[in-house]
Each structure stands twice: as C-alpha cells, then as structure tokens.
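Below: one structure in structure tokens.
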Amino acid sequence: MGAKIKSSIDLNKLVRENVKRLVPYSSARDEFSGKGSVFLDANENPYENGVNRYPDPMQRTLKARLGELKAVNPENMILGNGSDEVIDLLFRAFCEPNIDNVIICTPTYGMYEVAAGINAIENREVPLDKDFQPEVNDVLSIVDEKSKLLFLCSPNNPTANLLDESKVVELLESFSGLVIVDEAYIDFSPGKSLLDRLESYPNLVILQTLSKAWGMAGIRLGIGLASKEIINILNRIKPPYNVNCLTQTKALELLEADDLYEEQVKNIITEREVLITFLSDLSFVEKVYPTDANFILILVNDARGLYDYLLTDEIIIRDRSKIQSLGNCVRISIGTREENEILKNTLTKFELKS
Ligand SMILES: *Cc1c(COP(=O)(O)O)cnc(C)c1O
C-alpha cells in the first residue's frame, strides 16, 4: 500500500463543457492589483460601519491561516459557505445534468444524495459492508464512463467509523473520476487525514469543515482541498463573494485559539468513552457501534420509543431508524459533561420504566 500512485488524470474529460467555455464573473476586487485606499469601484456605501465593503473573494488571509494550521498550500484550498457549498460546486463543475452519475456508499451523509437530486444527477448507491466499510468490488462493478464523483465519508456519518485507508486508496487507484473523502469528523478520530496523499492522487478531493471540532457551525465555513487544477475549476464557478466578511473575521479570531480547540476535542473524546461505557450497560441498548467521531450510533429495542421519551425531557437525539440497514438505530452527539449527565439520568429513568 502506498507504493502505487496515480500519475495523472484527464481533468479535461471530467469537467462539464459549459464550465470549460465559461468566462467567470470578474468582481471589482478581482480587477485591480496594487494598493488601493479610495475604493470607488464596487458601488458600495462609503460610510464605514465594519461591513460596508465586499469581502475578499479569495479569502486570502483566512486561507493563509488555515494553510498554516493544516500544513497545506492555500492554492490547494477552496472555502465555501459550509462544506455543503463545496459539495454543490463539485456537482456543478463535473456532472452533466441528466447524463452523468455519482456513487455513494450507504448509509452515509444525506447531503450527497440531495445535492445529486438538486443537480439532476443520477445517484448510485452501494451498501457498506457489515462493518460499514466500502465494498471495493461492488463500487467498481457499477462504475461506467459517466461516473464522475465517488463520495466516501471518513469517519462516516451516521455510522461513526473511519473507513479502512487501504480500501480508500484502492478506490483512489481504480476509480477514473474524482474521489471525494469527507473528513468532517477527522479531528475526533485516531486516523490520519488523507491530506498528505493529495500530491500522489490528482483525483482526490478532501472535505473538511469548521462546523464540528472547531465549534463554528453557525458561521458556515467548509474547506475543499485538492490539486491546484481542481481548485481552479471550482474557483471559476463559485459565487464571487461566497464567504461573507463576518465569517472570515470570526473564523480568523477563533482559529487563534488552537489550544482551546485541542482541549475541547480531548474532552469530547473523554466524554465519549464515558458515555460508551454507560450505554453498553443499559438493557435496552442492543449494540453500541464503535466510534471515531463526536457521536455514537446505538441499536436499541425501540428507537422511536426512546426518542419520544428523551423528547419529554427536552433532550433531542437523531432517530436514524428509517434508514435502510439502521433499523432501530439512533445517533447521539457528545455534549458537555453536564449535558451528558442529564442524558444519563433520563436514560436511567427509561431503563427502570421499560
Ligand atoms: C456535519 C457534516 C458536514 C459539515 O457540513 P458544513 O456544511 O461544513 O457544516 C460535512 N460532512 C458531513 C459528513 C457532516 O456530517
């Protein structure tokens, strides 16, 4: 493993025709270089209030800081209004509506299928195996020349497990389209990011986000990491000012506190282990799935009953029992110590009652 690499891919064959031909929108702030002090180019209101100017369309300062944190060249990075925007951009850049298809390994994050639907792209589902690992041969057997994107989520939502790196690599080596590895939960996992594989695999796109470990779900900031060539294509079609100035400023401020981030991730992992032990002893819990994320998937005897009971104590969890292969499963996010204590109390009451 690791010896074989993919030397090149034919991006020209993957990109949509209209995207190739497109002349991107050129914003006022793109068109000058040098230093400006009197800005009369963008029809802004000149009176300073902190937000009267358009934000930097390329988010240079923010990318420099993220690049430093992740040891990545900012040219290998695109930022979006959440990773959900980056997912949508991938569809719009590479998938021809009503012609192309994408592949997802289910059960997984719901946005891939929704984005496929919005963009009129066929979504081909391949079930994960009983340990929630990708079935490489099953994936490859439904691929055709119209298969543009393969989504892998690691750690996977809602099953919580890291994907086997050797299987991901096998898919990177054999799939002719782009392989999107969504690492939204990588910070909580013992596994390593695939970031250091970007150079070996020109068809690799990694998604990360500030919404989970970094605690910034409210500002919507997602990160796409890929070759310069792929990033350039996505930059051509992104809305010019897709990351607003409040988000850029707040992210820069909170990214300074990387010690706090590390401490919180550590606490969440500790709390997760406490909760796993607690859940494993409950008689109505039939299985606690292994987790590499900040949530736990459990199989219970009556998912809806548990969900409704917790709700009467104002505790909200995610009922995943309608998903095929996840019958009677619920997903529980790790809260603060205090929140987890409240959860445990109510679970104990439910245990005594049932
Ligand atoms: C939460 C989550 C994200 C984050 O999406 P944002 O739009 O960045 O908030 C991405 N992928 C998965 C699998 C997630 O669970």
Side-chain angles (χ1 to χ4, degrees), residues 59 62-63 66 69-70 77-92 102-116 118-119 123 125 128 132-134 149-163 168 178-189 191 193-195 204-226 234 238-239 242-244 246-248 250-251 254-255 261 264-265 268 272 289 291-297 316-320 323 326 329-335:
Q59 310 101 18
L62 182 50
K63 278 183 189 163
L66 285 166
L69 278 168
K70 296 181 184 294
M77 203 183 280
I78 180 164
L79 302 184
N81 184 11
S83 5
D84 291 348
E85 181 178 37
V86 184
I87 294 169
D88 186 62
L89 288 174
L90 286 163
F91 275 95
R92 290 200 282 146
V102 300
I103 296 156
I104 68 172
C105 297
T106 55
T108 193
Y109 186 44
M111 267 316 285
Y112 314 138
E113 183 180 0
V114 172
I118 292 170
N119 288 286
N123 181 53
E125 299 189 8
L128 293 165
F132 301 130
Q133 292 296 331
L149 309 176
L150 164 62
F151 285 92
L152 300 172
C153 186
S154 181
N156 186 40
N157 180 6
T159 61
N161 60 300
L162 263 175
L163 302 189
V168 176
L178 303 185
V179 178
I180 323 299
V181 180
D182 188 339
E183 296 186 336
Y185 300 99
I186 195 71
D187 317 63
F188 304 105
S189 97
S193 164
L194 289 190
L195 266 176
L204 171 61
V205 178
I206 295 171
L207 300 179
Q208 295 189 352
T209 179
L210 297 194
S211 294
K212 306 285 157 57
W214 279 99
M216 298 186 227
I219 66 170
R220 314 301 303 125
L221 191 76
I223 310 166
L225 303 134
L234 298 175
K238 80 175 185 70
N242 63 325
V243 179
N244 73 69
L246 298 175
T247 294
Q248 294 189 44
K250 193 69 187 175
L254 294 181
L255 284 170
Y261 149 86
Q264 291 180 349
V265 167
I268 289 167
R272 177 181 80 192
Y289 287 94
T291 171
D292 301 303
N294 66 336
F295 58 87
I296 306 175
L297 184 75
I316 322 295
I317 60 170
R318 197 83 198 263
D319 180 1
R320 302 279 70 187
I323 296 174
L326 296 186
C329 285
V330 298
R331 193 192 71 190
I332 304 175
S333 307
I334 311 300

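Remember, it's 1-based here, ligands and their atoms both numbered in the order they're listed.
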Ring centers of F151, F91 separated by less than 6.0 Å: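 Ring-ring flag for F151/F91: true, centres closer than 6.0 Å.
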
If the cut-off is 4.0 Å to any non-hydrogen atom of D84, which atoms of ligand 1 fall inside it?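 That gives atoms 5 (O), 7 (O) of ligand 1.
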
Does any N/O atom on N157 come nearer than 3.5 Å to any N/O atom on ligand 1? yes

If you take the nearest heavy atom of each of A184, S211, A217, which one is closest to atom 9 (O) of ligand 1?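 Going through A184, S211, A217 one by one, S211 has the nearest heavy atom to atom 9 (O) of ligand 1.
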
Could you check whether D187 and Q208, counting side-chain N and O atoms only, form a donor-acceptor pair closer than 3.5 Å? no

Any idea which protein heavy atom is nearest atom 2 (C) of ligand 1, and the distance to it?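 Atom 2 (C) of ligand 1 sits closest to the protein heavy atom K212 NZ, 2.4 Å.
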
If you measure every N or O of R220 against every N or O of ligand 1, does any of those distances drop under 3.5 Å?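 Yes, since at least one N or O of R220 sits under 3.5 Å from an N or O of ligand 1.
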
Contacts of I118 meeting side-chain contact (heavy atoms from CB on, under 4.5 Å) (sequence neighbours excluded), chain-then-number -> V114

Starting from atom 15 (O) of ligand 1, what is the nearest protein heavy atom, named by residue and atom, and what distance separates them?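 Scanning the protein heavy atoms, the shortest distance from atom 15 (O) of ligand 1 goes to Y185 OH, 2.6 Å.
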
Check whether any side-chain N or O of R272 sits under 3.5 Å from a backbone N or O of I296 as a donor-acceptor pair, and report yes or no.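 It does not hold such a pair.
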
Sole residue of D182, N123, T106 in side-chain hydrogen bond (donor to acceptor under 3.5 Å, both in side chains) with Y112: D182

Can you list the residues that meet the side-chain contact (heavy atoms from CB on, under 4.5 Å) rule with K250, with sequence neighbours excluded? I219, E253, L254

Atom indices of ligand 1 within 4.0 angstrom of C153 heavy atoms, with elements: 13 (C)

Are F295 and Y185 near enough that their ring centres are under 6.0 Å apart? yes

Which protein non-hydrogen atom lies closest to atom 11 (N) of ligand 1, naming both residue and atom, and how far is it?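 Of the protein heavy atoms, D182 OD2, 2.7 Å lies nearest.
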
Going by the 4.0 angstrom heavy-atom rule, the piece of S83 near ligand 1 is both

